[in-house]
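Naming: A, B, ... by sequence-line order, numbering from 1 per chain.
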There are 2 protein chains.
Amino acid sequence: MENKRRPGRSRSAEVGEVRTLERGLHLLETLSEAETLSLSELARKTELSPSTAYRLLETLRRRGFVDWDEGKGLWKVGLRAYQVGSAFLTRGGLVDAALPEMERLVDELNETVNLAVLDGNEAVYIAQVEGRQLIRMFTRIGARAPLYCTGVGKALLMEHPEAEVRRILGSGPLKAFTAHTLTSPTAFLKALSEAKAKGYALDNEEREDGVRCIATPVRDSRGKVVASMSLSAPASRVPDERVERLGRRVKQAADAVSARLGWAEL
Amino acid sequence: MENKRRPGRSRSAEVGEVRTLERGLHLLETLSEAETLSLSELARKTELSPSTAYRLLETLRRRGFVDWDEGKGLWKVGLRAYQVGSAFLTRGGLVDAALPEMERLVDELNETVNLAVLDGNEAVYIAQVEGRQLIRMFTRIGARAPLYCTGVGKALLMEHPEAEVRRILGSGPLKAFTAHTLTSPTAFLKALSEAKAKGYALDNEEREDGVRCIATPVRDSRGKVVASMSLSAPASRVPDERVERLGRRVKQAADAVSARLGWAEL
DNA sequence: GGTTATTTTTCAATACACGCAAAACATGCC
DNA sequence: GGCATGTTTTGCGTGTATTGAAAAATAACC
């Protein structure tokens with residue numbers, strides 16, 4: 001009685017294996033890995049018969065997912081694929097892409113990890129994985145924070161030209177949250193260039209007494225900084241001699257997310 | 001004897017219509033247009049039976065093209081779709097060629113600059129550099145916009161013969177987005193020929209109240225219009241007396257991109 | 001102009017995607 | 001709780017849409 005449903009099940013594939021669609025998607029993937037390919041190359045790489053590959057490509061072309069270079073009979077990824085794909089980032093996909101790495105960081109270091117994006121001249125937290133330590137950070141998803149006194153803020157600005165950073169900061173002295181807050185644009189720019197040199201940004205109790213953050217940028221497939229990832233912890237657990245190591249580790253995690261998004265470093 | 005092959009041919013589709021794949025792609029498109037959708041909503045919108053939609057989605061999910069929100073059974077576009085789609089940008093180098101000029105424009109004028117291409121009878125934004133002004137445009141990368149009420153749209157149509165423009169516009173009155181929208185094909189054609197004469201197209205709050213755009217075409221090495229570049233700003237910052245100057249400047253930037261692509265004017 | 005390598009089209013056979021229907025699962029409502 | 005309504009998932013037989021072989025067109029090479 002226990003294997004009553006076996007016969008039907010074993011017949012062919014698992015649920016949700018529609019061969020035709022899989023083949024089409026495989027063609028798309030293959031195309032995206034190489035710049036351009038001819039039909040025969042594609043057929044070879046995907047192990048499809050040329051006629052099948054041809055018809056599938058033709059279907060993809062009609063829908064705009066691939067393009068055909070009239071001149072030299074080569075196929076490439078099309079505009080519609082780009083459009084559909086770009087929905088990923090705008091629909092909160094960044095968080096999905098980042099969460100696994102963030103969780104890994106938390107598992108390993110047991111401190112809270114945040115993800116933030118730039119909005120206007122503030123950082124907005126869009127994801128968080130909490131460490132299991134008793135002490136909690138207050139940052140919440142959706143919360144906003146100034147750029148000049150947070151790790152995520154610095155990391156988001158790392159690639160911006162100095163002139164623009166100055167414009168964002170404004171001219172006046174910056175509001176001090178703690179005794180450590182950098183209140184002059186010039187001091188901030190100096191800290192920023194140090195961060196750039198090291199590859200990670202440090203917030204040394206600049207926003208909140210007793211809290212240090214280490215942050216690095218996350219890039220999209222074109223290398224543009226679209227977010228930043230930070231590790232926040234009580235200053236006591238981030239002594240100077242540990243900063244360098246943590247910085248490298250956070251950078252590694254952020255880079256892994258960037259890689260996931262298709263960024264090929266250098 | 002002459003219609004010997006009829007029976008076989010008329011039986012079903014044109015060459016290159018693989019229904020299963022088309023349905024899968026249609027699901028992807030539908031998903032990319034809405035935030036997130038449930039299976040039943042998707043099935044309804046795509047006019048597929050729930051079981052079919054389910055199996056196709058399951059296949060897309062296995063490949064990472066869509067994701068499933070475990071919590072509240074909703075589907076969304078997945079990471080692999082993004083990865084595959086972004087290959088579109090690294091292919092002709094259009095965006096690479098344009099970004100530096102776009103950034104220069106933004107540095108100089110401090111307004112948002114967009115790059116769009118023609119797809120069917122719509123414009124699709126493929127790159128954007130945001131100005132540092134507080135006011136934001138809503139256009140997002142990957143978004144689509146009508147041709148008749150946007151700067152980029154007009155610029156894309158500038159070289160098209162009148163008959164074709166008419167065909168694209170259709171016969172009926174065009175949907176009005178604002179009080180300024182040109183709703184008759186004839187009025188639009190007049191505006192278009194003015195744009196042609198001046199070398200740049202103006203969108204005078206035709207899509208959105210209070211927003212003006214100035215756009216010019218970008219050409220490939222053969223002189224064909226492959227994209228258009230626009231500057232968007234609050235109408236208050238683009239008074240009539242400044243339009244001419246801005247138009248020349250945007251044209252200069254777009255021409256520089258065309259040159260980069262190998263176009264030698266005249 | 002023949003030889004080889006591709007891209008398209010034709011065509012018949014059958015594997016496969018399909019939709020129905022029913023089962024599992026989830027919600028709400030009295 | 002139990003009954004009703006809605007959605008997601010599985011099972012299964014049917015018929016058609018997808019398939020690969022092979023041939024026909026096209027191009028590329030020397």
Considering only side-chain heavy atoms of [X], which listed nucleotide, [options], is closest?
{"X": "B:W68", "options": "D:dT9, D:dT19, C:dG19", "result": "D:dT9"}
{"X": "B:L39", "options": "D:dT8, C:dC18, C:dG19", "result": "D:dT8"}
{"X": "B:S51", "options": "D:dT19, D:dA21, C:dC20", "result": "C:dC20"}
{"X": "B:Y54", "options": "D:dT9, C:dT9, D:dA17", "result": "D:dT9"}

Inset, instruction - Between B:L48 and A:S38, just flag the one whose closest nucleotide in DNA chain C comes earlier from the 5' side. - result: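 Here A:S38 is the residue nearer the 5' end.
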Legend entry - Comparing B:E47 and A:W75 on DNA chain C - which has the more 5′ nearest nucleotide: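 Nearest nucleotide further toward 5': that of A:W75.
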Taking atom [atom2] of [N] as reference, at what distance in whole Å does atom [atom1] of [X] sit?
{"X": "B:E22", "N": "C:dA17", "atom1": "CD", "atom2": "P", "result": "16 Å"}
{"X": "B:R19", "N": "D:dT16", "atom1": "CZ", "atom2": "C1'", "result": "8 Å"}
{"X": "A:L27", "N": "C:dT7", "atom1": "CG", "atom2": "P", "result": "13 Å"}
{"X": "A:R55", "N": "C:dT10", "atom1": "CZ", "atom2": "C1'", "result": "10 Å"}
{"X": "A:L57", "N": "C:dT9", "atom1": "CG", "atom2": "P", "result": "14 Å"}
{"X": "A:L37", "N": "C:dT6", "atom1": "CG", "atom2": "C1'", "result": "15 Å"}

Sidechain-backbone polar pair: [X] side chain, [Y] backbone, donor-acceptor under 3.5 Å:
{"X": "A:T112", "Y": "A:G131", "value": "yes"}
{"X": "A:N110", "Y": "A:R132", "value": "yes"}
{"X": "A:Y82", "Y": "B:I126", "value": "yes"}

Legend entry - Pair B:T183, B:T181: side-chain N/O donor-acceptor within cut-off below 3.5 Å: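 Short answer, no.
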Legend entry - Name of the residue among B:R222, B:K196, B:R219 meeting salt bridge (charged side-chain N to carboxylate O under 4.0 Å, His left out) with B:E159: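 Per the salt bridge (charged side-chain N to carboxylate O under 4.0 Å, His left out) rule, the option paired with B:E159 is B:R219, out of B:R222, B:K196, B:R219.
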Presence of [X] side-chain N/O under 4.0 Å of [N] phosphate oxygens OP1/OP2:
{"X": "B:R44", "N": "D:dG6", "value": "no"}
{"X": "A:S40", "N": "C:dT7", "value": "yes"}
{"X": "A:R23", "N": "D:dT19", "value": "yes"}
{"X": "A:T20", "N": "D:dA17", "value": "no"}

